[in-house]
Number of protein chains: 2
Amino acid sequence: MARSDTRYREAFNAILDFCATLAPGSLIPSEQTLSERTNVSRTVVRRCLARLQEHGVISWQGREKVLLRMPVRNDRLEIGALKVSPEDLEGRFLDWILRFDIPAGTPLSIADLSRKFEVPQHELKEFLAGLSRFGLVARRPKGGWRLSGFTADFAVELSDFRALLELNAVRQAANAPPDDPFWSALSDLRSAHVSLSKRIDTDYHSFSGLDEQFHQRINGIVRNRFFKEFQKVISLIFHYHYLWNKADERERNAAAIEEHLAIIDALEARDADGAVVAARRHLDTSKMTLLSSLRYHELA
Amino acid sequence: MARSDTRYREAFNAILDFCATLAPGSLIPSEQTLSERTNVSRTVVRRCLARLQEHGVISWQGREKVLLRMPVRNDRLEIGALKVSPEDLEGRFLDWILRFDIPAGTPLSIADLSRKFEVPQHELKEFLAGLSRFGLVARRPKGGWRLSGFTADFAVELSDFRALLELNAVRQAANAPPDDPFWSALSDLRSAHVSLSKRIDTDYHSFSGLDEQFHQRINGIVRNRFFKEFQKVISLIFHYHYLWNKADERERNAAAIEEHLAIIDALEARDADGAVVAARRHLDTSKMTLLSSLRYHELA
DNA sequence: GATAACGTTTTTTATTATAAAGTGCAGTCT
DNA sequence: AGACTGCACTTTATAATAAAAAACGTTATC
């Protein structure tokens, strides 16, 4: 019923490592200095020093801390489970939803998910609270959560919203200054697309990554935190969806490459309207793919 | 260290009220029926029945539950603190930020806020986790939260994003079918604007409400959960900001009414391009107002 | 013999208690 | 005077737990 002491354990080992660089008899820096170096509060540093003293590694009296002996392997503290990053949780959650085709309306059990993903319950609660802002999950009347996304309606609305954001980005991209690093990156992307196009019959799987790179490049033009936040979720959902929709993968990807190239052509010609038209065509295809993959799953 | 029993208390009183409608000697419906009526699980219903039996209000044996006596005032259970809605918290939080001019970067203490708003800590955590998705707050490296919004950058990005969404809505509105209830609502809004315009010198305060109505009407055209979710936050921020920016309020509001009317004119003429132009002008003014009010506060 | 209700057990959620970590300040040492 | 420590206080992250919900046989009723 308290927080974990991973911080302390990591700091202790860090200080131990630091001691290993000194010779016995050396003075050890101040608590403040150590706390800055280990990125941890003075309270933790003091706890570490106390342990070092207890184990006879240092002597500690007031502000005089002296290294008595070199630290050995056995002095180190074990560090338990490694922390999972929020992004990782995000990905695994969407992956799970799509992989097992969780239907809209399914109650989500925090306890269950917490076991499944090996993440503390309160982290999951925070995570779901965040997703609820995007309408992907919602609170149930009698407590708990419910998956509300991944219906046809959801897909249409998601695609429409994505189109609004991305067409805006395309328009801005076309008007980017000539010395913007965007242009050289775009030229690299063109080469990558042409190259993949040639070996599409065998390498069509690797399009997924290229697709994400391409869209990220376009959207990266817009310097807007709201835009970026949303784009992150959108691309995540599309990414995972495509990953799990295997129908006609080769044909779909070959077609998408052509559509991407059309957008690149228009952009490099600084033809904003043309780029928007090409992008709209591509986004429409995307929308249809997302919808048909949902329909496919509904029938299954 | 357990959840509150408000649910039980409310259900108990509800069942008591129901008993009051019966005559002594009557049979009481099944546990399931009661649970459906009180919107509560059977477990809670059984707890209520047990208490009723204990207090001699009913007899209870298997599925035979009989009302023994009429319930009296003293049988009722006290209900503690009333639940605050998440929307309420949202409003109060933004209000607090603006009222006290909390600068960007300020650490937010859950413990402190929880006392201030009289909301359990875990609810605040969820709330902040939601806001973090909009970039309004962020986690601090060593734990806790930090207010990251309400800088000039933030205001610009927020306004730009708002403009993107709202111009899209205006364009859609102009193309709404003639029988859409939107048109009659718009006509009502025109009257309200004209009326307020005439008594602007005295009633300029009441523009805030009308402004919200107007924008909500326009944005209501778009049937898209992402759009709506974002619009909610945006309008909340603008709303509270305007509420606290008192400089030139009369002039600002008078000008805004004219700008609204220009948008209405263009919409009623089904002139999509004209409406977008008028809306862009209005949104630009809004952006400037938001920015200048921030600057004003920074200097103070 | 099907359906609805009950009694009981298991699971899950909301809330609190608490150890760990962080913060601030008065006083001390150099 | 400036940096450092000792100590008290505050805040956060997390586990423990009572309340509520859900699941599951069993029993009564039509």
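Numbers restart at 1 for each chain; the letters A, B, ... are given by sequence-line order, proteins then strands. When reading the values below, keep in mind they use all heavy atoms of this one structure, side chains included, and skip hydrogens, waters and symmetry mates.
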Exercise for the section: Considering just the side-chain nitrogens and oxygens of A:Lys142, establish if one lies under 4.0 Å of OP1 or OP2 belonging to C:dA14. Expected result: no
Practice task
Establish, with yes or no, whether the OP1 or OP2 oxygen of D:dT12 is under 4.0 angstrom from a side-chain nitrogen or oxygen of B:Lys125.
Solution key: no
Problem - Closest-nucleotide ordering on DNA chain C, the 5'-leading residue of B:Arg140 and B:Glu126 - result: B:Glu126
Practice task
Identify whether NZ of Lys or CZ of Arg in B:Arg139 sits under 6.0 Å from the centre of the six-membered ring of B:Trp145 and within 45° of that ring's axis.
Solution key: yes
Exercise for the section: Please state how far atom CD in A:Glu31 lies from atom C1' in D:dG2, giving the value in whole angstrom units. Expected result: 17 Å
Fill in the blank from the handout: Between CZ of B:Arg146 and P of C:dG22 the distance, given in whole Å, is 15 Å
Exercise for the section: Compare side-chain N and O positions of A:Arg7 against OP1 and OP2 of C:dA20 and report whether any pair is under 4.0 Å apart. Expected result: no
Problem - Parallel, tilted or perpendicular: rings of B:Phe161 and B:Phe230 (30°, 60°) - result: tilted
Practice task
Examine D:dA13: is either OP1 or OP2 under 4.0 Å from a nitrogen or oxygen in the side chain of A:His122? Give yes or no.
Solution key: no
Problem - Charged tip of A:Arg51 within 45° of A:Phe12 ring normal and under 6.0 Å - result: yes
Exercise for the section: Quick one: label A:Arg42 by what it contacts on the DNA or RNA (base, sugar-phosphate, nothing), any heavy atom closer than 4.0 Å. Expected result: base
Fill in the blank from the handout: The answer to which of B:Tyr8 and B:Trp145 contacts DNA chain D further toward the 5' end, by nearest nucleotide, is B:Trp145
Problem - Within 45° cone of B:Phe117 ring axis and under 6.0 Å: B:Arg92 NZ or CZ - result: no
Handout entry: Side-chain-base donor-acceptor pair under 3.5 Å for B:Thr43 and D:dA21
Key = yes
Practice task
Mind calculating the distance between CD1 (A:Ile110) and P (C:dT15) to the nearest angstrom?
Solution key: 13 Å
Completion exercise
Taking C:dG7, D:dA3, D:dT11 as options, the one with an atom nearest any side-chain atom of A:Gln32 is D:dA3
Exercise for the section: Under 4.0 Å between any heavy atoms, over every strand shown, what does B:Ser109 touch: base, sugar-phosphate, or nothing? Just pick one. Expected result: sugar-phosphate
Completion exercise
Separation of C:dA20 atom P from A:Arg3 atom CZ, nearest Å, is 10 Å
Handout entry: Presence of donor-acceptor pair under 3.5 Å, side chain of B:Arg63 and base of C:dC6
Key = no
Problem - d(CG, A:Leu108; C1', D:dA21) in whole Å - result: 16 Å
Completion exercise
Of A:Gln121 and B:Pro29, the one whose closest nucleotide on DNA chain C sits nearer the 5' end is B:Pro29
Fill in the blank from the handout: By nearest-heavy-atom nucleotide on DNA chain D, the more 5' of B:Ser41 and A:Gly62 is A:Gly62
Exercise for the section: Take atom CZ of B:Arg115 and atom P of D:dC9, then tell me their distance rounded to the nearest Å. Expected result: 15 Å
Exercise for the section: May I ask you to establish whether B:Arg133 and A:Phe134 are in a cation-pi arrangement, using a distance under 6.0 Å from NZ or CZ to the six-membered ring centre and at most 45° from the ring axis? Expected result: no
Handout entry: Per A:Asp112 side chain, nearest of listed nucleotides C:dG22, C:dT12, C:dC6
Key = C:dT12
Problem - Separation of C:dA21 C1' from A:Glu10 CD (nearest whole Å) - result: 14 Å
Problem - For B:Val57, the option from B:Leu52, B:Ile15, B:Leu49 that meets side chain to side chain contact (heavy atoms under 4.5 Å, CB included) - result: B:Leu52
Handout entry: Rounded distance in Å - CD (A:Glu123) to C1' (C:dT13)
Key = 18 Å
Practice task
Look at the side-chain N and O atoms of A:Arg46 and state whether any lies under 4.0 Å from the OP1 or OP2 oxygen of D:dG6.
Solution key: yes
